Number of protein chains: 2
Amino acid sequence: MEKTLFVVRGEETLPRWQAAFPEGEHGTVEQARSSIGSGDLVWVSERVDEWPTLVRQWSQRGAAVVVLSYRPSQAQGLEALEAGARGYVHALANVEVLRQAATVVTHQGLWVGPELLSRVVGSSFRAMGGAPRASREWLERLTERERAVALAVADGQSNKEVARRLAISDRTVKSHLSAIFRKLEVRDRMQLVLRLSQSETVDS
Amino acid sequence: MEKTLFVVRGEETLPRWQAAFPEGEHGTVEQARSSIGSGDLVWVSERVDEWPTLVRQWSQRGAAVVVLSYRPSQAQGLEALEAGARGYVHALANVEVLRQAATVVTHQGLWVGPELLSRVVGSSFRAMGGAPRASREWLERLTERERAVALAVADGQSNKEVARRLAISDRTVKSHLSAIFRKLEVRDRMQLVLRLSQSETVDS
DNA sequence: AAACCTATCGTACCGATGGCCTAGATGGCC
DNA sequence: GGCCATCTAGGCCATCGGTACGATAGGTTT
């Protein structure tokens with residue numbers, strides 16, 4: 001019954017997970033599927049396919065489920081909580097944080113990062129020791145024209161719409177965008193939007 | 001935890017509170033106001049006037065604040081959490097529950113009680129939106145599967161990545177997306193992500 | 001003058017995206 | 001049994017998005 005196990009994909013298990021829970025078992029979904037019951041502490045990697053479904057099943061069985069994410073986001077965190085997870089932790093969190101989260105969730109508490117917490121309950125959690133996020137300094141790295149393009153794109157506009165707004169060709173918009181992606185190290189406009197909307201809420 | 005104290009109105013203190021924390025101090029707002037600092041565990045009765053303001057102050061100072069309510073409700077619970085409280089417990093909870101809550105909140109967890117947890121989590125979307133009704137409404141218009149796709153896409157993932165996560169074909173992802181766009185009346189994933197991030201980040 | 005940055009526009013290429021259509025399987029409801 | 005919603009998946013096709021590899025022109029720095 002009261003056992004700790006990590007559900008991962010392949011050989012994903014990290015040393016720090018074992019360090020935090022030497023007694024914990026590690027395995028894939030197939031190995032874990034049937035053995036999980038009430039009172040168990042289950043860590044599920046976001047790399048596991050269909051983790052929301054699994055979280056739903058296991059939490060309904062009474063297990064305390066924590067989702068390990070490599071790229072935490074509000075949307076994913078809410079997805080985890082909605083599925084019944086009691087915790088949402090960065091997969092690379094240190095041993096102390098993992099143990100702390102374990103303590104909390106096994107005591108019927110909710111463990112989420114300060115950032116997500118602020119989304120869940122409002123903005124006032126920012127002042128509670130949550131590390132202040134990076135500012136929009138990275139926008140300074142862009143030229144004036146690139147910044148205009150970035151903001152327009154982050155507004156949800158297509159390349160053609162941006163071109164019309166700035167009175168330039170859509171080819172030029174693409175050129176600027178390539179430069180933007182390279183400088184900000186994002187892969188596409190979607191990541192740009194996410195990054196911009198994140199830093200915007202922190203500043204305001 | 002530095003010290004434990006109960007902030008009450010008059011002589012409200014219950015025996016079970018003292019049983020759970022024999023070392024805890026009990027007093028009114030005037031007595032407690034200045035002595036609360038980082039690391040303290042503070043229990044605040046809902047009978048204390050202007051408790052949300054006090055919760056906000058003390059939680060910003062780094063104290064772990066738990067609100068004791070005689071008439072727990074979803075609205076009040078959210079108000080407490082929004083003010084920065086880490087816990088929301090029934091004032092008549094038994095000793096075990098009180099100690100459990102203390103364990104959780106002093107470990108940076110969130111304690112809202114098993115019976116209220118589902119409601120708090122379920123309402124988190126509403127709690128985050130500037131236009132609560134609207135955001136909840138359009139999310140509810142989606143099926144469960146569509147919601148999962150929408151959240152994943154709003155996280156910046158490509159169709160293929162979503163397909164991998166949900167263990168379905170990318171054709172199916174596109175099918176779901178078409179339904180999502182039609183239902184939510186957005187033209188593409190960019191508008192979807194904007195709408196989601198807006199309702200997620202607007203402070204109210 | 002040479003080097004460099006910036007803004008502009010072009011072609012070509014290719015994967016990603018989204019609309020429109022069909023359709024099997026499932027399960028709930030009348 | 002019929003009806004309907006949902007999830008799944010495929011084909012077809014037009015468009016969009018992003019990169020590679022340019023080119024030209026104006027400005028600044030060295």
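Keep in mind the model is a prediction, meaning the values are calculated, not measured. To find a chain, count down the sequence lines: A is the first, B the second, and so on, and within it residues start at 1.
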Non-hydrogen side-chain atoms of A:V7 and A:W58 separated by less than 4.5 Å: yes
Using a 6.0 Å cut-off, check whether atom CZ of A:R187 has over 12 heavy atoms from anything other than its own residue. yes
Please list each protein N or O that sits under 3.5 Å from an N or O in nucleotides 23-30 of chain D, with the distance.
none

What I want to find out is whether B:K3 reaches B:E23 closely enough, with some N-O distance under 4.0 Å, to be called a salt bridge. no
Using atom types as modelled and distance alone, determine if a side-chain donor or acceptor of B:W17 lies under 3.5 Å from a backbone N or O of B:A91. yes
Basic-acidic side-chain contact under 4.0 Å: B:E46, B:R9: no
Whole angstroms only, please: what is the CD-P distance between B:E144 and C:dT26? 19 Å
Might you list the N or O atoms of the protein lying below 3.5 Å from N or O atoms in nucleotides 17-21 of chain C, with each pair's distance?
residue : atom : partner : partner atom : Å
C:dT17  : OP2  : B:N159  : N            : 3.3
C:dT17  : OP2  : B:N159  : ND2          : 3.4
C:dG18  : OP1  : B:R189  : N            : 3.0
C:dG18  : OP2  : B:R189  : NH1          : 2.7
C:dG18  : N7   : B:K174  : NZ           : 2.9
C:dG18  : O6   : B:K174  : NZ           : 3.0
C:dG19  : OP2  : B:S178  : OG           : 3.2

Here the salt bridge (Lys or Arg N to Asp or Glu O under 4.0 Å) pairs for residues 169-183 of chain A, sequence neighbours left out, are A:E146-A:K183
Rounded distance (Å) that lies between atom C1' of D:dT6 and atom CG of B:L166: 15 Å
Within the structure shown, what part of the strands sits under 4.0 Å from A:S169 by heavy-atom distance: base, sugar-phosphate, or nothing? sugar-phosphate
For C:dC30, the Watson-Crick or wobble counterpart (both distances under 3.5 Å): D:dG1
Can you tell me if B:T143 touches the phosphate of D:dA5, counting only side-chain N or O atoms and a distance under 4.0 Å to OP1 or OP2? no
For atom CD of B:E146 and atom C1' of D:dT8, their distance in whole Å: 12 Å
Counting only heavy atoms not in A:Q191, do more than 12 fall under 6.0 Å of its CD? yes
For B:D170 and C:dG15, give me the distance from atom CG to atom P, rounded to whole Å. 14 Å
Could you give the CG-to-P distance, from B:L142 to D:dT6, as a whole number of Å? 10 Å
Does the side chain of A:T103 come within less than 4.5 Å of A:W111's, by heavy atoms? no
Give the rounded distance in Å between these two atoms: CZ of A:R147 and P of C:dT6. 11 Å
pair B:F21-B:L98: side-chain heavy atoms closer than 4.5 Å: yes
